[in-house]
Protein chains: 2
Amino acid sequence: MNEDKSEFLKGTLDMLVLKVVALGPIHGYAISQRIRQMSKEFFQVQQGSLYPALHRLEDRGWLKADWRDTETGREAKFYSLTAKGRKQLETVMRTWARLSDAVALILRTAE
Amino acid sequence: MNEDKSEFLKGTLDMLVLKVVALGPIHGYAISQRIRQMSKEFFQVQQGSLYPALHRLEDRGWLKADWRDTETGREAKFYSLTAKGRKQLETVMRTWARLSDAVALILRTAE
DNA sequence: CCCTCACGCCTAGATCTTCGATGCATCGAT
DNA sequence: ATCGATGCATCGAAGATCTAGGCGTGAGGG
């Protein structure tokens with residue numbers, strides 16, 4: 001398993017977060033809600049997974065954060081995608097496509 | 001993330017191994033070759049991942065093992081699927097289907 | 001007025017998987 | 001005789017996720 005593939009064995013979370021942030025600046029709490037709702041309740045991201053993930057993605061230069069006000073007038077940390085993050089998202093989506101094809105190849109083999 | 005879903009975040013390896021073994025009794029070394037070849041070189045399972053996985057699956061009662069001779073006249077540990085293992089494979093394949101649908105839902109969202 | 005729940009951020013420790021490295025033994029081919 | 005493939009295995013490091021906790025604000029019901 002090379003590095004890119006291992007990313008997926010370790011989880012799809014990073015990809016999902018990148019994708020959601022790519023739709024427009026959004027804060028952490030809303031990201032988890034959005035992922036849950038977009039996946040029809042399948043993914044229920046825990047905060048203990050989400051926040052470390054966000055910091056990880058920021059450290060790698062894929063996301064940048066700034067504090068803004070919510071519609072409800074609260075302060076929240078809004079994340080946006082960097083140029084690097086956009087490239088990473090594309091890469092990772094291509095890898096996901098290949099991975100799910102590979103899995104399908106194996107799973108569909110008749111017994 | 002519930003337990004079943006987490007299985008996938010942690011990796012597809014267990015499912016792939018179960019599936020390959022479901023095709024007929026096969027030994028560890030051959031499993032890794034088969035996975036590689038069936039996935040068109042995408043998955044290259046390391047021995048340091050494979051053997052622990054096999055022991056894990058055996059401990060859970062999904063695989064059983066016995067020593068047999070290879071076509072080349074060597075001894076090797078052949079794994080077969082138990083009844084429990086077959087059920088587990090079905091469960092896990094259904095979960096995979098739902099997971100990849102959920103991922104697709106999110107990834108396909110237009111920006 | 002108080003209490004609870006949703007919002008919104010975060011970390012620490014435990015647990016699990018995977019990987020790279022290493023070890024051992026046999027066999028066939030050069 | 002040596003080297004690569006076959007075939008088994010373990011160890012330690014690295015990483016991701018989860019559970020469980022903590023902190024603060026604000027709105028609404030009793």
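In what follows, chains are A, B, ... by sequence order, proteins preceding strands, each numbered from 1.
Every residue two or more places apart in sequence or in another chain was checked for a salt bridge (Lys or Arg N to Asp or Glu O under 4.0 Å) with B:D69, and none qualifies. B:D59 pairs by the salt bridge (Lys or Arg N to Asp or Glu O under 4.0 Å) definition with nothing, not counting sequence neighbours. Residues passing the salt bridge (Lys or Arg N to Asp or Glu O under 4.0 Å) test with B:R74: none are found, sequence neighbours excluded.
Each of B:R56 and B:Q47 has a nearest nucleotide on DNA chain C; the 5'-most of these lies closest to B:R56.
For D:dT6, one of the phosphate oxygens OP1 or OP2 lies less than 4.0 angstrom from a side-chain nitrogen or oxygen of B:Y29. Taking only side-chain nitrogens and oxygens, A:T70 comes nearer than 4.0 Å to OP1 or OP2 of C:dG8. For the OP1/OP2 pair of D:dA5 and a distance below 4.0 Å, the side-chain nitrogens and oxygens of B:Q33 include no atom meeting the criterion. Phosphate proximity of C:dC7 to A:H27: absent, as no side-chain N or O sits under 4.0 Å from OP1 or OP2.
Atoms NE2 (A:H55) and P (C:dC9) sit 9 Å apart, rounded to a whole Å. Here the C1' atom of nucleotide D:dT17 and the CG atom of A:L54 are 14 Å apart, to the nearest Å. D:dG7 atom P lies 14 Å from atom OH of B:Y79, rounded to whole Å. D:dA16 atom C1' lies 10 Å from atom CZ of A:R60, rounded to whole Å. Residue A:Q46 contributes atom CD, which lies 14 Å from atom P of D:dG21 at whole-angstrom precision. Rounded to whole Å, atom P of D:dG26 lies 11 Å from atom CG of A:D69. One can place CG of A:L50 at 13 Å from C1' of D:dA16, the figure rounded to the nearest angstrom. Taking atom CD of A:E71 as the reference point, atom P of C:dA6 lies 19 Å away to the nearest angstrom.
Counting only residues at least two apart or on different chains, the side-chain hydrogen bond (donor to acceptor under 3.5 Å, both in side chains) pairs with a member in residues 20-39 of chain A are A:R36-A:E41.
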Side-chain donor-acceptor pairs under 3.5 Å in residues 77-85 of chain B, sequence neighbours left out?
| residue | atom | partner | partner atom | Å |
| --- | --- | --- | --- | --- |
| B:T82 | OG1 | B:G61 | O | 2.6 |
| B:T82 | OG1 | B:W62 | O | 3.2 |
| B:T82 | OG1 | B:K84 | N | 3.4 |
| B:T82 | OG1 | B:G85 | N | 2.9 |
| B:K84 | NZ | B:R60 | O | 3.3 |

A correct 5'-to-3' footprint of nucleotides 25-30 of chain C, with B, S and - meaning base, sugar-phosphate only and no protein heavy atom under 4.0 Å, is -BB---
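Using a 4.0 Å cut-off between a side-chain N of Lys or Arg and a carboxylate O of Asp or Glu, A:R68 and A:D66 qualify as a salt bridge.
A:V103 pairs with exactly one of A:L99, A:I106, A:D101, A:L105 by the side-chain contact (heavy atoms from CB on, under 4.5 Å) rule, that one being A:L99.
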